[in-house]
Amino acid sequence: MYLLSRGSGYPVLFIHGIPTSGRLWNGVIDKLQGHFTCLAVDLPGLGRTPKSLYGIAQLEAMADAIEQIRVEHKIEKWHVVGHDSGSAVAVHYAYRNQTRVGRLALLSPAVFPELKPFHLFRILRSPVVGELLAPVVNAVFWKVAMRHAVEPRQAELTDAVRDFHAPFSGPLGAWRLMSVLRWGNPADVLASLPAMLPQLLVSTIIFQGSRDTAVPERFAQRASALIPQSKVVIVDSGHFIPLNNPEVVATELLQFFEGAAAA
């Protein structure tokens, strides 16, 4: 997987969701790189990482790939941060590698099997209809829905959105997006996550956007009720919290991670 590294200090790994990339974290990393070594991955088929075969065990495969990054970079322990489906990857990783995680942060935590895909994505996930309407859905998502999601910071986030869109541009881009979004049914892929949450022994902070229409607030509250050492922070934001309000995220993470150092 492609890996961006900036800053110096205790390492922090950032995991984005679908269909974004490691660029999701740029605003947060800008504010934290003076305190931490910030590492941001591009997950398979997104950003600069080539697509791999998706399947029911994809979360486990991504967790294994992340552990390989830790080993290759000789990192003894790091904090782990995930957004949306990146939160599911982060939970899998933390559950399987608890001694390697200092603290855990989950933003817009898509970690429960009753998750409903974004309405435009449901079209792409439908056989036949998805193939037929893929170009229309792809255009509407990037030109309308994504631009609306990053308002009022649209001008400063143009490069980030262009980066998210890059794997899905060109003549076959719409069908590449459809392929990524069909990697699994949430009811199956996320089925094992609720049982993992009570067994997470790392301190956890959960961010929820007050205007998030993709992941409901009850997911954040439920996750916090299940994870023993956790708290919820409500942010004035839509779904893409690291884009909409990176200042609040960075400030909260700095305090949270410094608490680990003090402890």
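What you see is a predicted model, and the numbers here were worked out from it, not measured in a lab.
Between Ser230 and Ala223, the closest heavy-atom pair is OG-O, 4.5 Å. Shown here for Ala110 and Ser85, the closest heavy-atom pair between the two residues is CB-N, 4.0 Å. The two residues Tyr93 and Ala63 have their closest heavy-atom pair at CD1-O, 3.5 Å. Heavy atoms only, all atoms of each residue included: Lys31 and Pro246 are closest at CD-O, 4.3 Å. Contact record, Ala195 with Pro198: O-CD, 3.5 Å, taken as the closest heavy-atom pair. Considering every non-hydrogen atom in both His83 and Pro242, the closest pair reads CD2-CD, 3.9 Å.
Clustering ILVMFWY residues whenever any of their side-chain heavy atoms sit less than 4.5 angstrom apart, transitively, puts Leu201 in a cluster other than the one holding Leu193.
Between the side chain of Glu131 and the main chain of Met178, no donor-acceptor pair closer than 3.5 Å is present. The backbone N or O of Gly238 sits less than 3.5 Å from a side-chain atom of Asn244, completing a donor-acceptor pair. Side-chain N or O atoms of His79 include one that pairs as donor or acceptor with a backbone N or O of Arg103 at under 3.5 Å. Side-chain atoms of His73 come within 3.5 Å of backbone N or O of Ile69 as a donor-acceptor pair. Panel note: side chain Thr20, backbone Gly17; a donor-acceptor pair is recorded below 3.5 Å.
Taking the salt bridge (charged side-chain N to carboxylate O under 4.0 Å, His left out) definition, one finds that Arg100 meets it with nothing, sequence neighbours left out. The side-chain hydrogen bond (donor to acceptor under 3.5 Å, both in side chains) search around Arg153 returns Glu156, Glu247, not counting sequence neighbours. Scanning for ring pair (Phe, Tyr, Trp, His ring centres under 6.0 Å) contacts around Phe164 gives an empty result, with sequence neighbours left out. With sequence neighbours left out, Glu72 forms a side-chain hydrogen bond (donor to acceptor under 3.5 Å, both in side chains) with Gln68. Arg176 pairs by the salt bridge (charged side-chain N to carboxylate O under 4.0 Å, His left out) definition with nothing, not counting sequence neighbours. Shown here are the salt bridge (charged side-chain N to carboxylate O under 4.0 Å, His left out) partners of Asp42, two or more places apart in sequence or in another chain: Arg48.
In this structure the side chain of Asn185 never reaches within 4.5 angstrom of the side chain of Leu190, judged on heavy atoms. Considering only heavy atoms from C-beta on, Glu114 comes within 4.5 Å of Phe219 through its side chain. Side-chain contact between Asp84 and Leu107: absent, with no pair of heavy atoms (C-beta onward) separated by less than 4.5 Å. Inter-residue side-chain proximity for Val249 and Leu253 is flagged as met; some heavy-atom pair is nearer than 4.5 Å. At least one side-chain heavy atom of Asn138 sits under 4.5 Å from a side-chain heavy atom of Phe168. Between Arg211 and Asp236 the shortest side-chain heavy-atom distance falls below 4.5 Å. Between Pro19 and Trp142, the closest side-chain pair of non-hydrogen atoms falls below 4.5 Å. A 4.5 Å side-chain heavy-atom check between Ile227 and Leu106 finds at least one atom pair inside the cut-off.
By the 30° and 60° cut-offs, the orientation of the rings of Trp25 relative to Phe14 is tilted.
Aromatic ring centres of Phe257 and Phe36 lie closer together than 6.0 Å.
Between the CZ atom of Phe207 and the OG atom of Ser87 there is a distance of 10.5 Å, given to the nearest 0.5 Å.
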